[in-house]
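Below is one structure, written out as structure tokens; the observations come after it.
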Number of protein chains: 2
Amino acid sequence: MKRDLDIRVAIIEDDETIREGYAFLIGNTSGYKVVGAYRSCEEALKKIANDDPDVILLDVELPGVSGVEALPKLKKLLPETHILILTVYEQEMLIFRALGNGAAGYLTKNTPPEKIVAAIHEVMEGGGPMSAHIARMVISSFKRNESTPLTRRETEILEQIATGKSRKRIAEELFIDLETVKSHIKNIYHKLDVHSKADAIKAAKDNKFI
Amino acid sequence: MKRDLDIRVAIIEDDETIREGYAFLIGNTSGYKVVGAYRSCEEALKKIANDDPDVILLDVELPGVSGVEALPKLKKLLPETHILILTVYEQEMLIFRALGNGAAGYLTKNTPPEKIVAAIHEVMEGGGPMSAHIARMVISSFKRNESTPLTRRETEILEQIATGKSRKRIAEELFIDLETVKSHIKNIYHKLDVHSKADAIKAAKDNKFI
DNA sequence: TGCAAATCACCCATTACGGGTGAACACGCC
DNA sequence: GGCGTGTTCACCCGTAATGGGTGATTTGCA
């Protein structure tokens, strides 16, 4: 299907200077080829399927249909294509929405040109290129709060509650009595100063206790 | 406190050849200094506090106390120190446990020496260095399944259920009737072929529908 | 030896849950 | 124009789960 061995790159970016800059950079790197460049998602969604790109560089802050909104549509149109996000913003919500919608990498626009080319290569090799600060935020999102007021057992039980299991089922799976589970839950509620499952789960997640 | 401007690195690694190799590499790079090298976590936990390291390179597959187990203890001992995981394994469970326990980065042992030094630098600058394949796995963990059988509304309601909220509360927050929520839940259960909250949440999470 | 953690017990009233059946209305698609 | 899908709401049923009070025992680590 591919017409040669070059990595086929498409660019979706509204700023002409930046778009042309990327196109020039990538087009002049051996092994890479620009097969499409668009100023909007609407335009790209109509024509990009014909470009058969391996990688799409996607700006998230576009006028009209934003990059994150277009992501699922691009993925549906080109399921095998890797999509790299390019942005000036480093907002957590935006990052996690983009990654949840199928982005294969996330780069900030201060990324030096040679690193962008390296990222395209990396994503083709099964990697997940991210700018340093983005990577740190992603890693942080996994990190638990080490100064939890909950004991080991309480944390374990709250995790089970957060999966929707009933106290009875939790008791059975942990080989303890239902009364013991109730007792732990009462202690959890006191420590977190809440009066319901939902509030306990929210408080614990907000504070990264679970 | 710091005796000079070098980045202070400690190494915990049982294989002597590898340990010495890293020590030699880092010690001979200007701007870096090896302040400790240990063959086990037990040994490291006793003495490492005196080294006052900026970064610790930590092997996860150690005899005795494993790297992941030692992570919380090291973090408690040296809260300001960045810990970089070094491993041959790329198991998801190990990666997410390590990141959840406070690791600042995750490198595989096939990482070339100059990249290890770069990773130490990157972590000092607020980055989160990861090997390419690890980064892809981390990113994948965020990705939703685009071919969900659930509708938009059903997904929304299942997400609410997964936070532990009651149907009544969900109805209030979405400004719809309790009966409507019940109706959606019945449809969700049918689609996922389950008969309880817990099973629905599990099925949806396993398939990345939520 | 003492304190925290984990275990179990019995009390109470209220609410939530799972399932069946049916129906109205809006929207897009052929 | 009609058909399917998605969203909304209604009324039925019985069982199970929840939140809270009070108190007691045992185990393990410091």
Side-chain angles (χ1 to χ4, degrees), chain A residues 45 65 72-73 76 144-204 209-210, chain B residues 42 45-46 65 69-70 72-73 76-77 145-204 209-210:
Chain A
L45 286 167
V65 179
K73 294 170 190 168
K76 202 173 178 183
R144 291 276 185 100
N145 186 344
E146 57 256 62
S147 60
T148 172
L150 304 180
T151 68
R152 197 172 277 269
R153 197 57 150 177
E154 284 163 0
T155 303
E156 189 179 7
I157 284 174
L158 191 48
E159 278 169 350
Q160 297 294 309
I161 290 174
T163 69
K165 287 176 190 154
S166 70
R167 299 164 177 196
K168 189 179 166 191
R169 189 161 158 189
I170 294 170
E172 285 163 2
E173 291 182 11
L174 295 183
F175 305 106
I176 54 178
D177 197 276
L178 171 60
E179 284 302 323
T180 308
V181 176
K182 286 177 68 176
S183 203
H184 283 303
I185 292 173
K186 276 178 261 195
N187 290 332
I188 293 168
Y189 285 10
H190 281 136
K191 285 184 181 178
L192 301 184
D193 191 28
V194 295
H195 304 277
S196 72
K197 247 191 313 185
D199 291 341
I201 292 169
K202 186 179 187 318
F209 297 151
I210 60 170
Chain B
E42 290 87 340
L45 286 166
K46 279 183 206 159
V65 179
E69 290 170 48
K73 294 170 190 169
K76 203 173 178 185
L77 215 56
N145 186 344
E146 57 255 65
S147 59
T148 172
L150 303 181
T151 68
R152 198 173 278 268
R153 198 55 150 176
E154 285 162 0
T155 303
E156 189 179 7
I157 284 175
L158 191 47
E159 277 169 350
Q160 296 295 309
I161 290 174
T163 68
K165 286 175 190 155
S166 71
R167 300 166 176 193
K168 189 179 166 191
R169 190 161 158 190
I170 294 169
E172 285 163 2
E173 291 181 13
L174 296 183
F175 305 107
I176 55 179
D177 197 276
L178 171 60
E179 285 301 325
T180 307
V181 176
K182 285 176 68 175
S183 204
H184 283 302
I185 292 172
K186 277 177 260 195
N187 290 332
I188 293 167
Y189 285 10
H190 282 136
K191 286 183 181 179
L192 300 184
D193 190 29
V194 295
H195 305 277
S196 72
K197 247 192 314 185
D199 292 340
I201 293 169
K202 186 179 186 319
F209 297 152
I210 60 169

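Rounded to whole Å, the distance from CD1 on A:Ile185 to P on C:dC8 is 14 Å. One atom, CG of B:Asp193, and another, P of C:dG18, lie 15 Å apart when rounded to the nearest Å. In this entry the distance linking CG of A:Leu150 with C1' of C:dA6 reads 14 Å, nearest Å. The distance from atom CG of A:Asp177 to atom P of C:dC10 is 9 Å, rounded to the nearest whole Å. Rounded to a whole Å, the CD1 atom of A:Ile170 is 13 Å from the P atom of C:dT7. Rounded to an integer number of Å, the gap from B:Ile176 CD1 to C:dA26 P is 18 Å. Distance CD1 (A:Ile157) to P (C:dC8): 10 Å, rounded to an integer number of Å.
B:Ser196 comes within 4.0 angstrom of sugar-phosphate atoms only, judged by non-hydrogen atoms across all strands, and of no base.
Checking B:Arg169 against A:Pro149, the closest nucleotide of DNA chain C that is more toward the 5' end is the one next to A:Pro149. Checking A:Lys186 against B:Phe175, the closest nucleotide of DNA chain D that is more toward the 5' end is the one next to B:Phe175. Toward the 5′ end of DNA chain D lies the nearest nucleotide of B:Leu178, the other residue of the pair A:Glu179 and B:Leu178 mapping further downstream.
At C:dA16, one or more side-chain N or O atoms of B:Ser166 fall inside 4.0 Å of OP1 or OP2 (strictly under the cut-off). Side-chain N/O atoms of A:Lys182 include none lying less than 4.0 angstrom from OP1 or OP2 on C:dC8. At the phosphate of C:dC8, OP1 or OP2 sits under 4.0 Å from a side-chain N or O atom of A:Thr180. The shortest distance between the side-chain N/O atoms of B:Arg167 and the OP1/OP2 oxygens of C:dC17 is below 4.0 Å.
At a threshold of 4.5 Å between non-hydrogen side-chain atoms, the residues A:Arg144 and A:Thr155 count as touching. At least one side-chain heavy atom of B:Lys197 sits under 4.5 Å from a side-chain heavy atom of B:Tyr189. Between B:Ile157 and B:Leu150 the shortest side-chain heavy-atom distance does not fall below 4.5 Å. B:Val181 has its side chain out of reach of B:Leu174: every pair of non-hydrogen atoms, C-beta onward, lies at least 4.5 Å apart. In this structure, the side chains of B:Lys182 and B:Arg167 come closer than 4.5 Å at one or more pairs of heavy atoms. When side chains are defined from C-beta on, B:Leu158 counts as touching B:Leu192, because their heavy atoms get closer than 4.5 Å.
Comment: A:Arg153 engages A:Glu156 in a salt bridge, judged by a side-chain N to carboxylate O separation of less than 4.0 angstrom.
When DNA chain D is scanned 5' to 3' for any atom under 4.0 Å from a heavy atom of chain B, the first and last hits are D:dG6 to D:dC12.
Of the candidates C:dA5, C:dT7, C:dG19, the closest approach to any side-chain atom of A:His184 belongs to C:dT7.
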